[in-house]
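In this chain, residues are counted from 1 in sequence order.
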Amino acid sequence: MSKEKLWEAMEHVAPDLIEEADRPVTAKKRRGRVLVIAAAACLMLAVGVVAADALFGFHLLYFENDGESNRYGFTAETTKFPAEQFSETVQDYMENGMPVLATRPADYVAEGEEAYVTTYDIPTFDTYDEAAAFVGEDIPLAAESETLTAGTNDGFSVHVLGDYVSISTRYALSDYDILFRVNIDAEGGGGYETGAVLGEGDMEITPLEMTTGSGDGVLVYLTTGERPNCAAYFIHDGIYYNIFIAGASDTALMEEILADF
């Protein structure tokens, strides 16, 4: 799948992995804020409701698969790490926001509003280990999957949004695009809701259970039909991981990837 087709697919199927550095910001909300958003279909919102159903550290909020509203969502029970466990640079980003490269007036804004598009200086590293070291030597990140290292990647980007830090990349492996993201929470942050909205269409979503090589339970959503894909979510040492195979419902490859964690 080409990069352009991947972005097109992710408008319909979002695993909360894709960030963009540019976004219109209204003038009254500009002060020191870092805005990192996931693909349009992904939800990452503060929540105050805890569902009764829980699995592998995830509280399942909803699962709808009726052909018209194909979506799922949950919250994650992650560890809130003290700020001092993160690197000094990340602590600075948490406090003051990420460095700004450029700001320009937004092209499309509501009448009477003043808005800007801000581009942030997002650190990108050649290797996962370099990105992990930048986040903080005391953050217990899992080692990179050896299965994924057999492919190529786009570099590892580190995003800091208040009390939330992530490492993300896109691998090209076995003719598939595989999106990978690590999500680390710091003390002071609230909970969030995450998941995917697949929209309308002829597809079927099947929830599955898998296990990582270190024994962590994995929540998997397998989608078949018009937009096949396979998304896995798990928590290891209090850190939440997401792996997404775009364009293929390949559970065998997902199991192989997970076995390395």
Side-chain angles (χ1 to χ4, degrees), residues 15-19 34 36 38 42-47 50 54-60 73-91 93-94 122-125 127-149 153 155-171 178-196 209-221 231-244 254 257-261:
D16 80 339
L17 289 182
I18 305 174
E19 291 93 355
V34 179
V36 179
C42 176
L43 305 175
M44 190 166 288
L45 308 171
V47 293
V50 176
L55 183 66
F56 308 141
F58 298 102
H59 291 280
L60 311 181
F74 46 83
T75 60
E77 296 177 356
T78 58
T79 298
K80 309 297 183 185
F81 293 97
E84 55 267 23
Q85 286 192 234
F86 294 88
S87 70
E88 292 184 3
T89 302
V90 171
Q91 290 182 51
Y93 289 175
M94 289 178 180
I122 297 173
T124 302
F125 302 88
T127 70
Y128 175 76
D129 288 342
E130 290 173 342
F134 178 83
V135 170
E137 299 286 354
D138 295 328
I139 300 298
L141 288 164
E144 186 179 15
S145 166
E146 292 185 5
T147 299
L148 291 175
T149 61
N153 65 70
F156 296 83
S157 299
V158 177
H159 297 256
V160 182
L161 179 60
D163 301 308
Y164 174 84
V165 182
S166 69
I167 301 173
S168 60
T169 192
R170 178 184 70 97
Y171 290 93
I178 301 174
L179 308 181
F180 172 73
R181 180 166 177 168
V182 184
N183 312 271
I184 311 116
D185 290 330
E187 288 181 348
Y192 53 81
E193 175 185 330
T194 187
E209 297 179 16
M210 295 186 182
T211 307
T212 65
S214 55
D216 299 308
V218 184
L219 180 61
V220 176
Y221 288 96
Y233 307 85
F234 66 93
I235 298 171
H236 178 73
D237 286 342
I239 297 172
Y240 155 54
Y241 296 78
N242 179 206
I243 302 166
F244 181 85
M254 182 63 79
I257 294 169
L258 293 171
D260 291 339
F261 284 96

Trainee: Give a yes or no on whether the backbone of G155 and the side-chain of T169 come within a donor-acceptor separation of less than 3.5 Å.
Mentor: yes

Trainee: Could you report the tightest heavy-atom contact between V218 and A232, atom names first, then the distance?
Mentor: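 So the minimum-distance heavy-atom pair works out to CG1-CB, 3.8 Å.
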
Trainee: Taking only residues two or more places apart in sequence, or in another chain, which ones meet D260 in a side-chain hydrogen bond (donor to acceptor under 3.5 Å, both in side chains)?
Mentor: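 Counting only residues at least two positions away or on another chain, D260 forms a side-chain hydrogen bond (donor to acceptor under 3.5 Å, both in side chains) with S145, T147.
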
Trainee: Tell me if a side-chain donor or acceptor on D237 pairs with a main-chain N or O of A142 at a distance below 3.5 Å.
Mentor: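 Checking the backbone N and O of A142 against the side chain of D237, no donor-acceptor pair under 3.5 Å is found.
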
Trainee: Quick one: CG on L219 to CG on N242, what's the gap to the nearest 0.5 Å?
Mentor: 10.0 Å

Trainee: Got a sec, which residues hit side chain to side chain contact (heavy atoms under 4.5 Å, CB included) with T79, two or more places apart in sequence or on another chain?
Mentor: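 Result, side chain to side chain contact (heavy atoms under 4.5 Å, CB included) vs T79: F81.
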
Trainee: F58: which residues meet the ring-ring contact (aromatic ring centres under 6.0 Å, His included) condition with it, sequence neighbours left out?
Mentor: F74, Y240

Trainee: Verify, without hydrogens or angle tests, whether T78 (side chain) and G238 (backbone) share a donor-acceptor contact under 3.5 angstrom.
Mentor: no

Trainee: Looking at residues at least two apart in the chain, or sitting in another chain, which of them share a side chain to side chain contact (heavy atoms under 4.5 Å, CB included) with E88?
Mentor: none

Trainee: Please report the C-alpha distance between F180 and Y128 in whole Å, then the side-chain angles of each, then the deciding distance to 0.1 Å, and finally whether the side-chain contact (heavy atoms from CB on, under 4.5 Å) criterion is met.
Mentor: CA-CA 11 Å; F180 172 73; Y128 175 76; 3.9 Å; yes

Trainee: With sequence neighbours left out, write down each residue that passes side chain to side chain contact (heavy atoms under 4.5 Å, CB included) with A132, or none if nothing qualifies.
Mentor: L141

Trainee: Under the side-chain hydrogen bond (donor to acceptor under 3.5 Å, both in side chains) rule, collect the residues that match up with Q91, sequence neighbours excluded.
Mentor: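 Not a single residue meets the side-chain hydrogen bond (donor to acceptor under 3.5 Å, both in side chains) criterion with Q91.
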
Trainee: Quick check: do V182 and S166 have side-chain heavy atoms less than 4.5 Å from each other?
Mentor: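 Not touching, per the 4.5 Å side-chain cut-off.
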
Trainee: Using the side-chain hydrogen bond (donor to acceptor under 3.5 Å, both in side chains) rule, collect all pairs that involve residues 135-144, keeping only residues at least two apart or in two chains.
Mentor: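 Those involving residues 135-144 are E144-Y171.
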
Trainee: Residues two or more places apart in sequence or in another chain: which of them pass side chain to side chain contact (heavy atoms under 4.5 Å, CB included) with A186?
Mentor: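 For A186, the residues satisfying side chain to side chain contact (heavy atoms under 4.5 Å, CB included) (neighbours in sequence not counted) are F86, M94, D163.
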
Trainee: Answer yes or no: is there a donor N or O on one side and an acceptor on the other, between the side chain of T212 and the main chain of D216, under 3.5 Å?
Mentor: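 Judged by distance alone, yes, a pair lies under 3.5 Å.
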
Trainee: Rounded to the nearest 0.5 Å, what's the gap from NE2 on H236 to CZ on F56? Could you check?
Mentor: 15.5 Å

Trainee: Sequence neighbours left out, what passes salt bridge (charged side-chain N to carboxylate O under 4.0 Å, His left out) with D185? Give chain and number order.
Mentor: K80

Trainee: For the residue pair Y241 and F234, is the inter-centroid distance of their aromatic rings smaller than 6.0 Å?
Mentor: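 Under 6.0 Å, so yes.
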
Trainee: Atom CD1 in I235, atom CG in N183: separation rounded to 0.5 Å?
Mentor: 10.0 Å

Trainee: More than 12 heavy atoms of other residues, nucleotides or ligands under 6.0 Å from CD of E130: yes or no?
Mentor: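 Atom CD in E130 is packed in, count exceeds 12.
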
Trainee: Got a second to check how far I122's CD1 is from H159's NE2, nearest 0.5 Å?
Mentor: 4.0 Å

Trainee: So, using side-chain hydrogen bond (donor to acceptor under 3.5 Å, both in side chains) as the criterion, who are the partners of T149 when residues are at least two apart?
Mentor: none

